[in-house]
Amino acid sequence: MKILFFGTPRFAEIVLQGLIDSEFEVVGIVCQNDKPSGRGNKLVSPHIVSLAKANGLPVYQFEKLSQHIEDFKNIDYDLAVTASYGKILPKAFLDIKPCINVHPSLLPKYRGATPIQSALLNGDRLTGVTIMKTEVGMDDGDVFVQQNLEILPEDDYLSLLEKLANMGLKLLLETLKKIEIGTVVRTPQNHEEATFVKLIKKEDGLLDFSESTERLVNKVRAYVESPVAHFYLGGDLIKVYKAQKGQIDVTAEVGQIIKEKKRLFVKAQDGFLEILRCQASGGKVLNVIDFLNGYHFKAMVVDR
RNA sequence: CGCGAGGUAGAGCAGCUCGGAAGCUCGCCGGGCUCAUAACCCGGAGGUCACAGGUUCAAAUCCUGUCCUCGCAA
């Protein structure tokens, strides 16, 4: 079975690598366009492009898929597989050949672009992966298979993504085999129970210390890759990569920084957020001990 | 040439404006104190100050170029 793969970020890379290593033949990949990025605004390709090229796969980057229907008709493939591609597929494309999708949530929950972050943000204890038929509607196609995954307290976006991508790959390969021998079963989603998740905006990462510590910790976990939970301290941007609920016996106002020799806290609504790993503008990401060793606090802090 | 910050002991930083024998916090090694400790006390090792040129009696510090890292914007 010849597969045309659609996907762009890390999640897609893991799935693509697995497909390449499998018995199925990947005939090409479609991903988002190169974008000006970083200092100097140099044009940067998605990381998955190098994986594809290293395996000799043709890479297709189309601005508008609907303008390239003829191009797709000329590609020799049997089935399209999508995994975090990042664009809606037009009906004209879906009509060419069948298409299935790997979605990292228990559909119909969390349809949309940010299912992994949403599960963490909401403090869910259970998530999973769904393999489903790709339709014109957003993540609303019939389900082939679904599997649960427990979210551990120490999971963050990166660890959960890794687990879900690997689970998605495994389920995808199983589904492909069933499709090949014609034993696949389709179950419609219960559309009444559908929930949708939106794209994350940069300002969503700003930590509001009048929120609960649990909520703040969840934000840190969900946004660790992007936009990264952050706050401002005496004019400096501080990004928080790892944090937990902290215990310390002091009285402080919401948003107040409490500094110990080796620990750093911020007073939140119902307790203290203990910062374990963070980064100031211009600096590297540091464990809190290294951060405290050199950082010059320009704001009022409680020093213990 | 999008804007900006920075490269100084294993780690994080100060020193650079106003050149003149390299410092702080932590870690590490050794010793002490303690029921005990991420605590405290004493001692110690560890740095061609990113690289290359230049100015100078003298450069981490001034000038020029190169490499690398990071924040913002997109």
Side-chain angles (χ1 to χ4, degrees), chain A residues 7-13 31-50 59 61-64 84-88 113-114 117 153-154 156-158 198-209 213 216-217 219-250 252 255-267 271-304:
Chain A
T8 303
R10 173 82 188 138
F11 184 85
E13 261 187 272
C31 69
Q32 297 269 35
N33 282 348
D34 296 358
K35 286 179 184 165
S37 174
R39 293 172 284 276
N41 287 328
K42 279 173 262 193
L43 214 54
V44 175
S45 297
H47 200 244
I48 197 168
V49 169
S50 46
V59 176
Q61 292 170 287
F62 297 137
E63 183 60 42
K64 277 187 176 272
S84 289
Y85 169 55
K87 289 183 192 227
I88 304 284
T114 56
Q117 293 95 326
E154 61 266 32
D156 66 8
Y157 174 76
L158 295 170
K198 296 175 186 164
L199 285 170
I200 295 162
K201 288 177 289 217
K202 189 148 284 187
E203 58 264 32
D204 293 334
L206 185 63
L207 294 174
D208 173 0
F209 292 108
T213 49
L216 293 168
V217 168
K219 269 196 175 184
V220 172
R221 296 203 293 156
Y223 296 152
V224 67
E225 186 195 56
S226 171
V228 188
H230 57 272
F231 63 100
Y232 290 91
L233 210 187
D236 286 352
L237 171 69
I238 308 290
K239 291 185 167 185
V240 183
Y241 288 84
K242 193 174 179 189
Q244 65 185 19
K245 288 186 186 182
Q247 297 284 336
I248 183 169
D249 183 27
V250 291
Q256 179 88 50
I257 308 293
I258 297 99
K259 176 165 81 82
E260 275 193 337
K261 200 162 191 173
K262 298 184 176 181
R263 304 211 288 170
L264 182 62
F265 304 85
V266 186
K267 179 73 174 79
F272 294 90
L273 183 73
E274 179 172 5
I275 294 170
L276 301 174
R277 198 167 163 73
C278 63
Q279 174 189 38
S281 302
K284 293 176 183 168
V285 179
L286 300 174
N287 290 322
V288 72
I289 289 181
D290 293 327
F291 179 79
L292 289 173
N293 269 336
Y295 186 73
H296 300 290
F297 285 86
K298 304 181 191 84
M300 290 285 289
V301 299
V302 179
D303 201 343
R304 306 222 323 162

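Order of the sequence lines sets the chain letters (A, B, ...), proteins ahead of strands, with each chain counted from 1.
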Worksheet entry | Between B/G6 and B/A58 - P atom distance, rounded Å | 29 Å
Practice prompt. Quick one: pull up CD1 in A/Ile238 and CG in A/Leu233 and give me the separation to the nearest 0.5 Å.
Written response: 5.0 Å
Worksheet item: Given B/G12, B/G2, B/C72, which nucleotide is nearest the side-chain atoms of A/Lys284?
Response: B/G12
Item to complete: Pick the C1' atom in B/A11 and in B/G46, then give their distance to the nearest Å.
Response: 13 Å
Worksheet, complete the sentence: Here the gap from A/Asn287 atom CG to A/Ile275 atom CD1, rounded to the nearest 0.5 Å, amounts to 13.0 Å
Worksheet item: Across all strands, who's sitting opposite B/C3 as a Watson-Crick or G-U wobble pair, both distances under 3.5 Å?
Response: B/G71
Worksheet item: For RNA chain B, what residues of residues 220-233 of chain A have any heavy atom nearer than 4.0 Å?
Response: none
Worksheet item: Going by the side chain to side chain donor-acceptor pair (under 3.5 Å) test, which pairs reach into residues 225-243 of chain A, not counting sequence neighbours?
Response: A/Asp236-A/Tyr295, A/Asp236-A/Lys298, A/Tyr241-A/Gln279
Worksheet entry | Which residues share a side chain to side chain donor-acceptor pair (under 3.5 Å) with A/Gln247, sequence neighbours left out | none
Item to complete: Provide the distance between the two P atoms, one in B/C51 and one in B/C68, to the nearest whole Å.
Response: 16 Å
Item to complete: Report which part of the nucleic acid A/Lys239 touches: base, sugar-phosphate, or nothing (heavy-atom distance under 4.0 Å, all strands).
Response: sugar-phosphate
Worksheet item: For A/Ser45, which residues count as a side chain to side chain donor-acceptor pair (under 3.5 Å) partner, sequence neighbours excluded?
Response: A/Asp34
Fill in: Rounded interatomic separation in angstrom, taking OH from A/Tyr295 and C1' from B/C26
19 Å
Worksheet item: Is B/C40 paired to anything, Watson-Crick or G-U wobble with both distances less than 3.5 Å, and if yes, which nucleotide?
Response: B/G32
Worksheet entry | Point-to-point distance, once rounded to the nearest 0.5 Å, from CG of A/Asp249 to CZ of A/Phe272 | 8.5 Å
Worksheet item: Base, sugar-phosphate, or nothing: which does A/Lys42 touch, judged by heavy atoms less than 4.0 Å apart?
Response: nothing
Worksheet entry | Pairing nucleotide - B/C62, Watson-Crick or G-U, each distance under 3.5 Å | B/G54
Worksheet item: Between A/Gly205 and A/Tyr223, which heavy-atom pair has the shortest distance, and what is it?
Response: CA-CD1, 3.8 Å
Practice prompt. Under the ring pair (Phe, Tyr, Trp, His ring centres under 6.0 Å) rule, collect the residues that match up with A/Tyr157, sequence neighbours excluded.
Written response: none
Where do N or O atoms of nucleotides 66-68 of chain B meet protein N or O atoms at under 3.5 Å, pair by pair?
none

Worksheet item: What integer distance in Å separates A/Leu292:CG from B/U25:C1'?
Response: 10 Å
Discussion item. Tell me whether the side-chain N/O atoms of A/Gln279 come closer than 4.0 Å to OP1 or OP2 in B/G71.
Written reply: yes
Practice prompt. Could you give the distance separating B/A52 and B/C70 at their C1' atoms, to the nearest angstrom?
Written response: 24 Å
Worksheet, complete the sentence: Applying salt bridge (charged side-chain N to carboxylate O under 4.0 Å, His left out) to A/Lys219 and not counting sequence neighbours gives A/Glu211
Interface polar pairs with nucleotides 38-42 of chain B, N/O, under 3.5 angstrom:
from, atom 1, to, atom 2, distance (Å)
B/A38, O2', A/Lys262, NZ, 3.3
B/C40, OP1, A/Lys261, NZ, 3.1

Practice prompt. Write down the partner of B/C49 under the Watson-Crick or G-U wobble criteria, each distance required to be under 3.5 Å.
Written response: none
Discussion item. List the residues meeting ring pair (Phe, Tyr, Trp, His ring centres under 6.0 Å) with A/Phe11, not counting sequence neighbours, and say none if there are none.
Written reply: none
Item to complete: Would you give a per-nucleotide map of nucleotides 3-8 of chain B, 5' to 3', where B means the base has a protein non-hydrogen atom under 4.0 Å away, S means only the sugar-phosphate does, and - means neither?
Response: BB----
Worksheet item: Whole Å only: how far is the NZ atom of A/Lys35 from the C1' atom of B/A73?
Response: 15 Å
Worksheet entry | A/Ile289 CD1 - B/G27 P separation (whole Å) | 8 Å
Which side-chain N or O atoms in residues 257-266 of chain A pair as donor and acceptor under 3.5 Å with protein atoms at least two apart or in another chain?
from, atom 1, to, atom 2, distance (Å)
A/Lys259, NZ, A/Asp303, OD2, 3.3
A/Glu260, OE1, A/Arg263, NE, 3.4
A/Arg263, NH1, A/Glu274, OE1, 3.4

Worksheet entry | Inter-nucleotide C1' distance (B/C3, B/A9), Å rounded | 34 Å
Worksheet entry | Base partner of B/G19, which must satisfy Watson-Crick or wobble distances under 3.5 Å | none
Practice prompt. Could you please name the option among B/C70, B/C72, B/A11 that lies closest to any side-chain atom of A/Asp290?
Written response: B/A11
Discussion item. Work out how far the P atom of B/G54 is from that of B/A60, and round it to whole angstrom.
Written reply: 15 Å
Discussion item. Measure CG/A/Asn293 against C1'/B/A9 and give the value in whole Å, please.
Written reply: 14 Å
Worksheet item: Closest heavy-atom contact between A/Phe209 and A/Leu273?
Response: CE2-CD2, 3.9 Å
Discussion item. I'd like to check A/Gln244 versus A/Glu154 (side-chain heavy atoms, cut-off strictly below 4.5 Å). Are they in contact?
Written reply: no
Worksheet item: Taking all non-hydrogen atoms of both residues, which atom of A/Asn41 and which atom of A/Pro36 are closest, and how far apart?
Response: O-CB, 3.7 Å
Worksheet item: Between atom NZ in A/Lys202 and atom P in B/C72, what is the gap in whole Å?
Response: 6 Å
Worksheet, complete the sentence: Closest non-hydrogen contact found for A/Leu216 with A/Asp208 is CD2-O, 3.5 Å
Fill in: Base paired to B/C26 (Watson-Crick or G-U; both N/O distances under 3.5 angstrom)
B/G10
Discussion item. On RNA chain B, compare the nucleotides closest to A/Phe291 and A/Val285; which residue's is nearer the 5' end?
Written reply: A/Phe291
Worksheet item: Which whole number of Å gives the distance between the P atom of B/U55 and that of B/U64?
Response: 15 Å
Practice prompt. Between B/U48 and B/C41, how far apart are the C1' atoms? Round to whole Å, please.
Written response: 36 Å
Fill in: Length of the line joining A/Asn287:CG and B/G10:C1', which is rounded to integer Å
14 Å
Practice prompt. Please identify each residue that fulfils side chain to side chain donor-acceptor pair (under 3.5 Å) with A/Glu13, with sequence neighbours left out.
Written response: A/His47
Worksheet entry | Whole angstrom value for the distance that separates P of B/C72 from CD1 of A/Ile238 | 12 Å
